[in-house]
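On a predicted model such as this, the values are computed, not experimentally measured, just so you know.
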Amino acid sequence: MSALMKLKTLEGHLGALSGFSEPKIELEQYETPAHIAAVALYTMQTQYEALENKLVLDAGCGPGMLGIGASLLGAGMVVAMDIDDGALEVLQENIEEMEIPTIDAVQCDFLNSKHCRWENYFDSVLMNPPFGTKNNAGIDMKFLRMGLDLTCDSVYSLHKSSTRTHIQKKIKEWGVKGSVIAELRYNLPATYKFHRQQTRDIAVDLWRIHHVES
């Protein structure tokens with residue numbers, strides 16, 4: 001199967017997944033589009049062998065777009081973590097529908113739970129963190145920092161391209177390495193009542209951020 005066919009097949013599987021039943025604005029719950037997730041995951045695997053036979057964490061997993069995609073690309077085990085039990089119910093439905101045995105769902109607050117036993121535990125940490133509204137300013141960087149604490153290798157994370165300079169500054173502060181490995185367009189549908197536009201096109205970066213090898 002050609003690379004394009006593999007990508008389209010993955011996107012097709014992800015496009016069939018159920019999304020948030022009742023998205024919560026306070027958690028900035030937006031679904032990762034199937035196309036974005038497929039390209040991101042395919043890039044991680046083909047360029048960095050980040051998924052196949054690896055121990056993967058899907059942080060703030062929601063209905064499981066990234067975690068399920070990682071499993072479909074051969075991840076050894078995926079831990080899917082979210083604070084919202086409603087999102088995890090949808091995740092469980094998606095897991096059962098896809099008949100995937102390699103995902104373990106965990107309900108907890110990714111930013112505030114005690115993760116000592118998981119420090120530097122995961123090969124790859126995947127996330128599409130909250131972008132950070134005025135009520136949640138800086139939460140995207142908190143997600144990144146926690147992700148780095150939990151991986152022995154790399155964090156793969158989606159962020160608005162407008163934050164690129166800020167992330168570069170943070171990477172330098174933290175003493176780690178990172179680069180944008182894909183530039184994508186996020187077609188954000190109207191999800192909440194205050195959204196005036198039916199869809200909004202946002203430029204998004206896929207980052208790979210990793211520890212400096214000693």
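- A donor-acceptor pair under 3.5 Å links the side-chain atoms of Asp123 to the main chain of Leu55, judged by distance alone.
- Looking at heavy atoms from C-beta onward, Phe110 lies in side-chain contact with Leu150 at the 4.5 angstrom threshold.
- Met81 places a side-chain heavy atom less than 4.5 Å from the side chain of Cys108.
- Residues Phe122 and Val56 form no side-chain contact, since every pair of their non-hydrogen atoms from C-beta on lies 4.5 Å or further apart.
- Side-chain contact check for Val155 versus Arg208: every heavy-atom pair is 4.5 Å or farther apart.
- With contacts defined as side-chain heavy-atom distances shorter than 4.5 Å, the pair His166/Met141 qualifies.
- Side-chain contact between Tyr156 and Trp207 is absent, with no heavy atoms from C-beta onward closer than 4.5 Å.
- Of the possible donor and acceptor atoms, one in the side chain of Asn120 sits under 3.5 Å from a partner among the backbone N and O of Thr151.
- Ser124 places a side-chain N or O within 3.5 Å of a backbone atom of Ala50 that can act as its donor or acceptor partner.
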Please table the atom pairs, donor to acceptor, closer than 3.5 Å between any side-chain atom in residues 65-76 and protein atoms at least two apart or in another chain.
| residue | atom | partner | partner atom | Å |
| --- | --- | --- | --- | --- |
| Ser71 | OG | Gly67 | O | 3.3 |
| Ser71 | OG | Thr102 | OG1 | 3.4 |

Does the side chain to side chain contact (heavy atoms under 4.5 Å, CB included) test come out yes or no for Val79 and Cys61, once each step is laid out?
CA-CA 9 Å; Val79 174; Cys61 62; over 6 Å; no

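- Side chains of Leu51 and Leu41 form a contact here, defined as non-hydrogen atoms less than 4.5 Å apart.
- Counting heavy atoms from C-beta outward, Ile209 and Leu144 have side chains that approach closer than 4.5 Å.
- For residues 52-73, no residue pair satisfies the salt bridge (charged side-chain N to carboxylate O under 4.0 Å, His left out) rule, not counting sequence neighbours.
- Between Leu158 and the options Ile36, Asp140, Asp205, a side-chain contact (heavy atoms from CB on, under 4.5 Å) holds for only Ile36.
- Looking at Ile100, Ile103, Leu17 one by one, the single match for side-chain contact (heavy atoms from CB on, under 4.5 Å) with Asn94 turns out to be Leu17.
- For His211 (side chain) and Leu148 (main-chain N/O), a donor-acceptor pair under 3.5 Å exists by modelled atom type.
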